[in-house]
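Only one structure is covered here, and it is reproduced in the block below.
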Amino acid sequence: MSETWWRGAAIYQVYLRSFADGNGDGVGDLAGLRARLPYLSDLGVGAIWLNPWYPSPMADGGYDVADYRDIEPSFGTLAEAEEFIAEAHALGIKTITDIVPNHGSDRQKWFLQALEAGPGSAERERFHFRAGRGENGELPPNDWKSIFGGPAWTRIADGEWYLHLFAPEQPDFNWDNPEVVEEFHDVLRFWFDRGVDGIRIDSAALLVKDMDSLGGEEAYTDLDGVHEIYRGWRRVAEEYDDRILIGEVWLPDQERFAQYLRPDEMHTAFNFDFLACTWEAVALRCSIDLTLATHIPLGAPPTWVLSNHDVTRPVTKYGRADTSFSHADRKHGMPSDPVLGERRARAAALLAMALPGGLYVYQGEELGLPEVEDIADELRQDPIWIRSGRTDHGRDGCRVPLPWSGDEPPFGFGAGPTWLPQPLEWKALTAEAQAANPTSMFTLYRTGLHLRRELLGDGTLTWLSGAQDEVLAFRRESGLVCVVNLGQEPVSLPEHESVLLASGPLEGNLLPSDTAVWLRTA
Ligand code: GLC
């Protein structure tokens, strides 16, 4: 099996609006990111995945793309993006961009043309326009619901309705139309030609719709026709050297999930089963085994994800009585013990870094940032907030601009007030404060990522026999042994030569509760 960069890479996710602000407008941008490239290189990441950086009205944080071949002006210019890609390459860091094929923005050229051209036109065939039901077409064509809440249809002035699985500002493309297929092949080539190394495919399982279906997720999730689309994308990727496709595929059924990783489709996909798993040894071990069993026969490397821009921050999640995650119930406001949460998040980080395959680190995870729960209602930006009838706080709490340095907001993020306010307590969590502290979350990630490059990454694992039910213990090919104690009582360490890294203090030869350790063995 060929050993290529992406199989075992640590990939750092940059949510650009909240990473670093270079021009002082309170919103992160390419200038801010370029200035912080040395930070990412020092942290030890092999690639950067950027959330959508295209021109966008920002109805959904950039996942409403108005032009797939340019850069959002508040982020910078296309020339700056190309310079960024080159600078990252010079540091040995690959670039992955996010392509959103399920839907565009309602300001995207094609949608504006479709509105103008009227019912029955070829322009409307690029989307899902339909007449309504009822005497005067006043009812939506069917009862499908938007994933963000409310109906999945919006009516326009001439009486037709269009489909949007997400917000009304995000009309869904019609993937039965060959023009749509061609357009996205061209968009892929546009970015590959500019040196991009990989594409993260947004909402990848949702592109094909069964319009006769009464609704529910089965009407648009994981329909068989979607695979032909990714076979086409793979052919485009293979026109270039070493470019990869990574799918955002949320599917509970691992056999269905695995189909996206067949050799002529995507290279990898995010492992959401692991992300959503509770902090329990049996559940985690099942999730890891299931992941390996799904991937190994396909020759595809697994991925390990603890967080991203759509989910609750790990230190908050793991500090709660219920440590599971689901989009349907984000558990906002459920009390979280910050000490316990941090302890577990540190152990989870060493676990994820030690597993075979690729690793994703979402910005701020390395600083141990908590979910920000108390954003004022009028400042909330996530469309989920409004569309849920102000019942679901949505995802703003994991998207607050990063604290870099100093004692008060904006903590070195930029010059002025940030687009979402930062908590004052983040003074203790700045990158600057943590870099100087040998026991900080940042130091743990930095040390772990550097060791991981040498000793971990792609490959397999062997579970150690004799470990208690509450303990995860496995050996990697390099001889590194990872042990995680999820029980209440300390456990003895297995035989080893030395301790390479621990997520918290050891008690002699005992590994305390909610602690992970990496051991060098013969
Ligand atoms: C994906 C993105 C999410 C976005 C949605 C619609 O799930 O990760 O942030 O809101 O797709 O594009």
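Order of listing sets the numbers, starting from 1, for every ligand and every atom in it. These figures come from a predicted structure and were not determined experimentally.
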Q) What's the shortest distance from atom 11 (O) of ligand 1 to any protein heavy atom, and which residue and atom give it? A) D202 OD1, 2.9 Å
**Q.** side chain to side chain contact (heavy atoms under 4.5 Å, CB included) involving N23 - partner list, sequence neighbours excluded
**A.** D21, D25, D29
Q: Find all atoms of ligand 1 within a distance of less than 4.0 Å from any non-hydrogen atom belonging to R399, and give their numbers and elements.
A: 9 (O)
Q. Does R34 make a cation-pi contact with F84 (under 6.0 Å, within 45 degrees of the axis)?
A. no
Q) Do we see a donor-acceptor contact under 3.5 Å between the side chains of E365 and Y12? A) no
Q: Indicate yes or no: does K109 engage D67 in a salt bridge with an N to O separation below 4.0 Å.
A: no
Q | Short side-chain donor-acceptor distance under 3.5 Å, H89 and D197 | A | yes
Q.
Quick check on contacts: which atoms of ligand 1 are under 4.0 angstrom from a heavy atom of H103?
A. 6 (C), 12 (O)
Q) Does R387 come within less than 4.0 Å of D60, counting only side-chain N to carboxylate O? A) no
Q. Short list, please: which atoms of ligand 1 are under 4.0 Å from a heavy atom of D310?
A. 2 (C), 3 (C), 7 (O), 8 (O), 9 (O)
Q) Which of the atoms of ligand 1 are close to F148, meaning less than 4.0 Å from one of its heavy atoms? A) 10 (O)
Q.
Could you tell me, atom by atom, which parts of ligand 1 come under 4.0 Å of a heavy atom of R395?
A. 3 (C), 4 (C), 9 (O), 10 (O)
Q: Check ligand 1 against S203 and write out every atom of the ligand that is under 4.0 Å from a heavy-atom position of the residue.
A: 1 (C), 11 (O)
**Q.** Protein contact of atom 7 (O) of ligand 1 - nearest heavy atom, named by residue and atom, plus distance
**A.** E248 OE2, 2.8 Å
Q: For the pair Y230 and Y260, name the ring-plane relationship: parallel under 30°, tilted 30 to 60°, perpendicular over 60°.
A: tilted
Q) Taking the non-hydrogen atoms of W250, is any one of them nearer than 4.0 angstrom to ligand 1? A) no
Q: Pick one of side chain, backbone, both or neither for how H327 approaches ligand 1, counting any non-hydrogen atom pair under 4.0 Å.
A: neither
Q.
Please find the pair of heavy atoms, one from M353 and one from L449, that lie closest to each other, and give the distance.
A. SD-N, 3.8 Å
**Q.** Pairs where residues 306-320 contributes a residue and the test salt bridge (Lys or Arg N to Asp or Glu O under 4.0 Å) is met, not counting sequence neighbours
**A.** D310-R395, D310-R399, R320-E373
Q) What protein heavy atom sits nearest atom 5 (C) of ligand 1, and how far off is it? A) F166 CE2, 3.8 Å
Q | F270 contact mode with ligand 1 (heavy-atom cut-off under 4.0 Å) | A | neither
Q.
Quick test: of every protein heavy atom, which one is nearest to atom 10 (O) of ligand 1, and how far off is it to 0.1 Å?
A. D60 OD2, 2.6 Å
